[in-house]
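Below is one structure, written out as structure tokens; the observations come after it.
Because the structure is predicted, anything quoted here is derived from the model rather than measured. Naming: A, B, ... by sequence-line order, numbering from 1 per chain.
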Protein chains: 2
Amino acid sequence: MKYIEKLRNSGLRPTKQRLQICEVLFNTERTFHFTINELEQKIKDKIDNKISLATIYNTVHAFEKKGYLKQIPVNSNQTYFDTNITDHHHFYNLKDGNLIDLENSDVGPINIKKKINGKKIKSIEVLVKLED
Amino acid sequence: MKYIEKLRNSGLRPTKQRLQICEVLFNTERTFHFTINELEQKIKDKIDNKISLATIYNTVHAFEKKGYLKQIPVNSNQTYFDTNITDHHHFYNLKDGNLIDLENSDVGPINIKKKINGKKIKSIEVLVKLED
DNA sequence: CAGCTATTTAGAACCATTATAAACTGCAAA
DNA sequence: TTTGCAGTTTATAATGGTTCTAAATAGCTG
């Protein structure tokens with residue numbers, strides 16, 4: 001299994017559940033956005049055994065902490081995650097809450113001129129809200 | 001009262017509660033960021049009568065819909081609002097969750113090259129996450 | 001002033017997320 | 001292999017921000 005090493009290298013035990021969640025999250029043609037509920041549904045569809053909701057939350061947070069997932073800063077009642085961990089941005093369709101990737105190359109270079117004392121920039125994320 | 005007209009022009013009845021919330025939100029030297037809980041506390045400190053939490057939620061949402069407040073897209077368990085409704089951006093201090101304004105002039109012009117069919121850009125918001 | 005609709009209110013309901021604590025499991029050491 | 005233990009999983013309860021409800025109240029227009 002190709003995810004065993006990945007997990008072990010991060011100090012995460014390659015449990016059956018984590019490996020199955022890896023399959024759902026990372027063994028795909030394309031990256032995608034999801035909420036925990038959407039992921040839960042995807043997991044139900046793809047695997048036979050049940051993974052408890054608590055484990056899904058735990059795993060997603062563990063993966064996010066290790067940098068295998070990113071949280072998308074959007075105001076919604078649910079938290080959105082992204083399996084695309086490259087530097088990039090998002091369109092946010094206000095009508096239906098849909099998110100669309102916006103590659104770095106589709107946004108001019110962003111130069112933050114203001115500095116904050118003693119702080120480093122960890123990420124720069126652009127959210128482009130869309131309306132009709 | 002200077003807020004009566006503002007409210008009436010928006011189709012909102014200038015009730016005692018709304019006018020008092022206007023005072024707290026807009027009669028200030030500087031704009032500021034807040035969560036509903038923080039606003040509730042501020043209101044308690046500044047006025048004698050009680051305003052119910054439901055009214056605070058209703059009013060904040062009404063003001064946001066009318067464009068007198070902006071929601072700040074940040075992942076937090078609470079929703080952040082901003083009384084600064086000009087086009088601008090934010091630093092987000094990951095350590096303590098603090099938000100700092102980042103004026104448009106402190107960010108180079110942002111040119112979104114990708115177009116989405118049939119959609120208009122409503123806003124472009126940059127979130128700069130800070131770490132130590 | 002009358003009557004109508006918008007608004008306020010306390011409290012209940014909702015629901016995403018987190019906490020709990022008991023059962024289970026991967027794994028290293030013997 | 002077996003043992004022991006820390007790391008995980010699990011069902012369920014708890015939490016807490018937000019929204020809903022329905023009754024009381026308050027602007028506003030005629």
Requested in this report: Please step through side-chain hydrogen bond (donor to acceptor under 3.5 Å, both in side chains) for the pair B/D101 and B/H33, ending with a clear verdict.
Outcome: CA-CA 9 Å; B/D101 271 3; B/H33 310 126; 2.7 Å; yes
Query raised in the report: Does the side-chain hydrogen bond (donor to acceptor under 3.5 Å, both in side chains) test come out yes or no for B/S76 and B/Y92, once each step is laid out?
Result: CA-CA 11 Å; B/S76 163; B/Y92 181 55; 5.1 Å; no
Query raised in the report: Using 4.0 Å as the upper bound for N to carboxylate O, is an ion pair formed by B/E125 and A/K129?
Result: yes
Query - Presence of salt bridge, A/K120 and B/D132, under 4.0 angstrom - result: no
Could you check how far [atom1] of [X] sits from [atom2] of [N], rounded to whole Å?
X     : N      : atom1 : atom2 : value
A/I4  : C/dC27 : CD1   : C1'   : 13 Å
B/E40 : D/dG16 : CD    : P     : 14 Å
A/E5  : C/dG26 : CD    : C1'   : 14 Å
B/I56 : D/dG17 : CD1   : C1'   : 14 Å
B/Q71 : D/dG17 : CD    : C1'   : 13 Å
B/N58 : D/dT21 : CG    : P     : 13 Å
A/L19 : D/dG7  : CG    : P     : 19 Å
A/Q20 : C/dT25 : CD    : P     : 13 Å

Query - Axial bend angle, the helix from C/dC1-D/dG30 to C/dA30-D/dT1: five-pair end segments, nearest 10° - result: 30°
Between [X] and [Y], does any side-chain donor sit less than 3.5 Å from a side-chain acceptor?
X     : Y      : result
A/D82 : A/Q71  : no
B/T86 : B/N84  : yes
B/H88 : B/D106 : no
B/T83 : B/Y68  : no

Query raised in the report: Within less than 4.0 Å of OP1 or OP2 of C/dT9, is there a side-chain N or O belonging to B/T55?
Result: yes
Query raised in the report: Is any side-chain nitrogen or oxygen of B/K50 closer than 4.0 Å to OP1 or OP2 of C/dT8?
Result: no
Query raised in the report: After noting the C-alpha distance and the side-chain angles of B/N93 and B/E131, does the key distance pass the side-chain hydrogen bond (donor to acceptor under 3.5 Å, both in side chains) rule?
Result: CA-CA 7 Å; B/N93 186 343; B/E131 62 186 353; over 6 Å; no
Query raised in the report: Among A/L99, A/I100, A/V126, which residue meets the side chain to side chain contact (heavy atoms under 4.5 Å, CB included) test with A/H90?
Result: A/L99
**Report entry** Under 4.0 Å protein heavy-atom contact, by nucleotide of nucleotides 25-30 of chain D - B base, S sugar-phosphate only
**Finding:** --BS--
Report task. Tell me whether A/Y80 is reachable from A/L53 by hopping between hydrophobic residues (I, L, V, M, F, W, Y) whose side-chain heavy atoms are closer than 4.5 Å. Result -> no
Contacts under 3.5 Å, N or O only, protein and nucleotides 12-19 of chain C:
unit_1: C/dT17; atom_1: OP1; unit_2: A/T79; atom_2: N; d: 2.9
unit_1: C/dT17; atom_1: OP1; unit_2: A/T79; atom_2: OG1; d: 2.7
unit_1: C/dT17; atom_1: OP2; unit_2: A/Y57; atom_2: OH; d: 2.7
unit_1: C/dT17; atom_1: O5'; unit_2: A/Y57; atom_2: OH; d: 3.3

